[in-house]
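Since the structure comes first, as structure tokens, the remarks are kept for the end.
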Amino acid sequence: MKNITARQYQILADHMRIYQFMIDIYEKDWRNGVPAPFLEYALSSEWMDKSYTHRNRIWEDNGQIVAFCFTESPVTDIYFSLRPGYEELAPEMIAFADAHMPRIDGHLRFVLFQGQAALMDAARKAGYTQTGSYTDMIYEFDKPLDFPLPEGYHFVEPGKCIIEKIQECCWKGFNHEAEEGPWHGNAEGGYHLCQAPHATMQYPVAIEDETGEYVCYAGMWWTPENHLAYMEPLCTVPTHRHKGLAAAALSELYRRMEPLGATHMTGGANPFYAKIGYKPMITWTFWQNKERGNV
């Protein structure tokens with residue numbers, strides 16, 4: 001007999017159990033919610049506002065976590081993880097999110113993945129409508145990913161990446177230099193990521209040019225329980241783009257992760273991924289309630 005209770009999330013006390021819960025319910029298409037590294041990567045990053053994590057809510061059945069509702073970035077985007085067999089909790093989860101999750105300047109958006117039918121139905125009945133969608137791709141390890149490293153570049157030795165160089169590469173690679181100015185030299189955020197409970201810093205790929213500058217970086221959160229090579233982030237310094245570095249970096253990740261038992265690797269929605277052999281898999285849908293002023 002089910003005995004459902006609900007309570008608020010406590011980041012220090014609950015993180016490891018939530019991580020395991022997300023591993024337990026994982027499906028390749030995210031039909032039950034995001035994979036475990038998704039939330040830990042955000043919580044360990046400087047770009048996420050963690051002041052709202054107390055709004056997150058857990059549902060348990062006789063002490064076992066069966067559902068979780070949480071914010072990420074921006075905090076007005078709300079995600080839902082639901083264990084199969086507990087779809088009856090969907091209306092309660094949607095009602096909680098509508099009433100209690102961060103609503104800033106009238107904005108609140110539910111992020112639901114294709115396959116979360118019970119949550120979509122509950123959102124619709126609560127007055128929400130789908131306002132957009134896109135599909136992320138993954139690489140299936142049923143064939144090798146084997147793009148060559150261009151001449152004049154080399155891979156940094158596995159596990160020997162320098163945090164400061166990674167951070168500078170990401171600063172430039174995500175166009176912060178063009179928009180906000182030169183790299184500020186503060187690598188504190190990078191060290192936080194390295195110390196995350198499930199960080200696997202022995203696997204990321206950094207590509208260095210002849211001057212010793214990191215010009216491409218591909219992160220890796222290896223999740224062996226799900227045979228998942230969770231790739232995050234991926235970036236190339238603007239002056240080194242369109243040379244095949246990103247494809248070479250992902251090929252090197254394939255070579256590092258496939259012998260460990262990985263069967264698939266995450267990517268994104270950019271057409272680049274399709275060009276190198278990724279296939280559509282994870283459909284994100286976005287839901288808002290116009291009557292509540294959420295647009």
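Counting from 1, the numbers follow the sequence of the chain as shown. The analysis underlying the following values was restricted to heavy atoms, covering all of them including side chains, and did not include hydrogens, waters or symmetry mates.
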On a heavy-atom basis, the closest approach of Ala249 and Phe155 is CA-CE2, 4.3 Å

Nearest heavy-atom contact between Pro233 and Met231 is O-SD, 3.8 Å

Indicate yes or no: at least one non-hydrogen side-chain atom of Pro238 is less than 4.5 angstrom from one of Asn175. yes

- Would a hydrophobic clustering, with Ile, Leu, Val, Met, Phe, Trp and Tyr connected at side-chain separations under 4.5 Å, put Tyr254 with Tyr203? yes

Note, Cys169 side chain near Val215 side chain (heavy atom, < 4.5 Å): no

Worksheet item: In terms of hydrophobic clustering (I, L, V, M, F, W, Y; side-chain heavy atoms under 4.5 Å; direct or indirect links), are Met220 and Leu145 co-clustered?
Response: yes

Does one hydrophobic cluster hold both Trp171 and Leu234, with members joined at side-chain heavy-atom distances below 4.5 Å? no

So CZ of Arg17 and CD of Gln10: to nearest 0.5 Å the spacing works out to 11.0 Å

(Q) Is the shortest side-chain heavy-atom distance between Leu149 and Leu245 below 4.5 Å? (A) yes

*Under 3.5 Å, is there a donor-acceptor pair between the His15 and Glu40 side chains?*
yes

So CD of Glu92 and CD1 of Ile4: to nearest 0.5 Å the spacing works out to 8.5 Å

Do His227 and Phe141 have ring centres separated by under 6.0 Å? no

- Hey, is the main chain of Thr263 close enough, under 3.5 Å, to the side chain of Glu258 for a donor-acceptor pair? no

_Trp221-Tyr41 aromatic ring centre distance below 6.0 Å_ = yes

task: Answer whether the closest heavy-atom distance between the side chains of Tyr153 and Cys216 falls below 4.5 Å.
output: no

Could you check whether atom NZ of Lys2 has more than 12 heavy atoms from other residues, nucleotides or ligands sitting under 6.0 Å from it? yes

So, the side chain of Asp49 versus the backbone of Pro74: is there a donor-acceptor pair under 3.5 Å, distance only? no

Are a donor atom and an acceptor atom from the side chains of Gln288 and Arg109 found within less than 3.5 Å of each other?
-> no

Could you check whether any side-chain N or O of Asn32 sits under 3.5 Å from a backbone N or O of Ile25, counting only pairs where one atom can act as donor and the other as acceptor? yes

Please verify the inter-ring angle class for His264 with Tyr26; under 30° counts as parallel, over 60° as perpendicular, anything in between as tilted. parallel

Quick one, Asp61 with Arg83, criterion salt bridge (Lys or Arg N to Asp or Glu O under 4.0 Å). Give me CA distance, side-chain angles, the key distance, then yes/no. CA-CA 11 Å; Asp61 179 8; Arg83 188 183 295 274; over 6 Å; no

Rounded to the nearest 0.5 Å, the SG atom of Cys235 sits from the OH atom of Tyr214 at a distance of 12.5 Å

**Report entry** Under-4.0 Å salt bridge between Lys28 and Glu140
**Finding:** yes

Show the numbers, then the answer: is there a side-chain contact (heavy atoms from CB on, under 4.5 Å) between Phe21 and Gln64? CA-CA 9 Å; Phe21 162 64; Gln64 179 189 49; over 6 Å; no

Problem - Lys/Arg N to Asp/Glu carboxylate O, Arg255 vs Glu252, below 4.0 Å - result: yes

Checklist entry - Backbone N or O of Thr236 within a donor-acceptor pair of the Arg241 side chain at under 3.5 Å? => result yes

(request) Applying side-chain contact (heavy atoms from CB on, under 4.5 Å), run through Val66 and Glu60 and close with a yes or a no. (result) CA-CA 5 Å; Val66 296; Glu60 296 174 303; 5.7 Å; no

Any sub-3.5 Å donor-acceptor pair from Tyr9's side-chain atoms to Cys69's backbone N or O?
no

Would Phe38 and Met16 show up in the same hydrophobic cluster when neighbours are defined by side-chain heavy atoms closer than 4.5 Å? no

So, the side chain of Gln114 versus the backbone of Thr283: is there a donor-acceptor pair under 3.5 Å, distance only?
-> no

Taken to the nearest 0.5 Å, the spacing of Ile94 CD1 from Arg124 CZ works out to 10.5 Å

Taking every heavy atom of Arg57 against every heavy atom of Ala6, the minimum-distance pair comes out as NH2-CB, 3.4 Å

Return the orientation label for the Trp59 and Phe96 ring planes: parallel under 30°, perpendicular over 60°, tilted otherwise. perpendicular

Q. Are Ile276 and Leu250 side-chain neighbours, meaning at least one heavy-atom pair lies under 4.5 Å?
A. yes

Contacts of Ile104 meeting side-chain contact (heavy atoms from CB on, under 4.5 Å) (sequence neighbours excluded), chain-then-number -> Tyr52, Val75, Thr76

TODO: Flag the pair Glu213 and Lys172 as a salt bridge only when some basic side-chain nitrogen lies within less than 4.0 angstrom of an acidic carboxylate oxygen.
DONE: yes

Would you check if the side chain of Asp209 reaches a backbone N or O of Thr211 as a donor-acceptor pair within less than 3.5 Å?
yes

Nearest heavy-atom contact between Ser81 and Met93 is O-CE, 3.7 Å

(Q) Determine whether a donor-acceptor pair (N or O, by modelled atom type, separation under 3.5 Å) exists between the side chain of Glu168 and the backbone of Ile166. (A) no

query = For Glu179, does the CD atom sit with more than 12 other heavy atoms under 6.0 Å from it, leaving out its own atoms?
reply = yes

Scanning both residues in full, the closest heavy-atom pair of Thr223 with Tyr19 reads OG1-OH, 4.3 Å

**Report entry** Polar contact flag, side-chain donor to acceptor under 3.5 angstrom, Tyr191-Glu164
**Finding:** yes

Run the ring-ring contact (aromatic ring centres under 6.0 Å, His included) test on Phe113 and Phe80 for me, step by step, so that the C-alpha distance in whole Å, both residues' side-chain angles and the decisive distance to 0.1 Å come before the verdict.
CA-CA 9 Å; Phe113 298 96; Phe80 303 83; over 10 Å; no

Does a side-chain heavy-atom distance below 4.5 Å link Trp47 with Ser73? yes

Heavy-atom side-chain proximity of Met137 to Asn270 below 4.5 angstrom:
no

When rounded to the nearest 0.5 Å, the distance separating OG of Ser44 from NZ of Lys50 is 7.5 Å

For Ala269, the side-chain contact (heavy atoms from CB on, under 4.5 Å) test, sequence neighbours excluded, returns Tyr134, Asp136

Open item on the list: Set out, in order, the CA-CA distance, both residues' side-chain angles and the distance that settles side-chain contact (heavy atoms from CB on, under 4.5 Å) for Val156 and Lys165, then state yes or no.
Closed with: CA-CA 11 Å; Val156 176; Lys165 286 189 173 185; over 6 Å; no

Treating Ile, Leu, Val, Met, Phe, Trp and Tyr as nodes and any side-chain heavy-atom pair under 4.5 angstrom as an edge, say whether Val111 and Tyr128 lie in one connected cluster. no

Taking everything shown except Glu225 itself, do over 12 heavy atoms lie less than 6.0 Å from its CD? yes

Sequence neighbours excluded, the answer for side-chain contact (heavy atoms from CB on, under 4.5 Å) partners of Gln130 is Ser133, Thr285, Trp287

Interatomic distance, CG@Asp105 vs CG@Leu108, rounded to 0.5 Å, equals 12.5 Å

For Ala206 and Cys161, the nearest pair of non-hydrogen atoms, with its separation, is CB-SG, 3.7 Å

Exercise. Going through the distances and angles, do Lys279 and Tyr273 end up as a side chain to side chain donor-acceptor pair (under 3.5 Å)?
Worked result: CA-CA 8 Å; Lys279 301 294 178 61; Tyr273 291 102; over 6 Å; no

Using side-chain heavy atoms (C-beta onward) and a distance below 4.5 Å, is Ser45 in contact with Leu193?
yes

From the list Ile78, Asp77, Thr53, Val34, side-chain contact (heavy atoms from CB on, under 4.5 Å) with Phe70 holds only for Val34

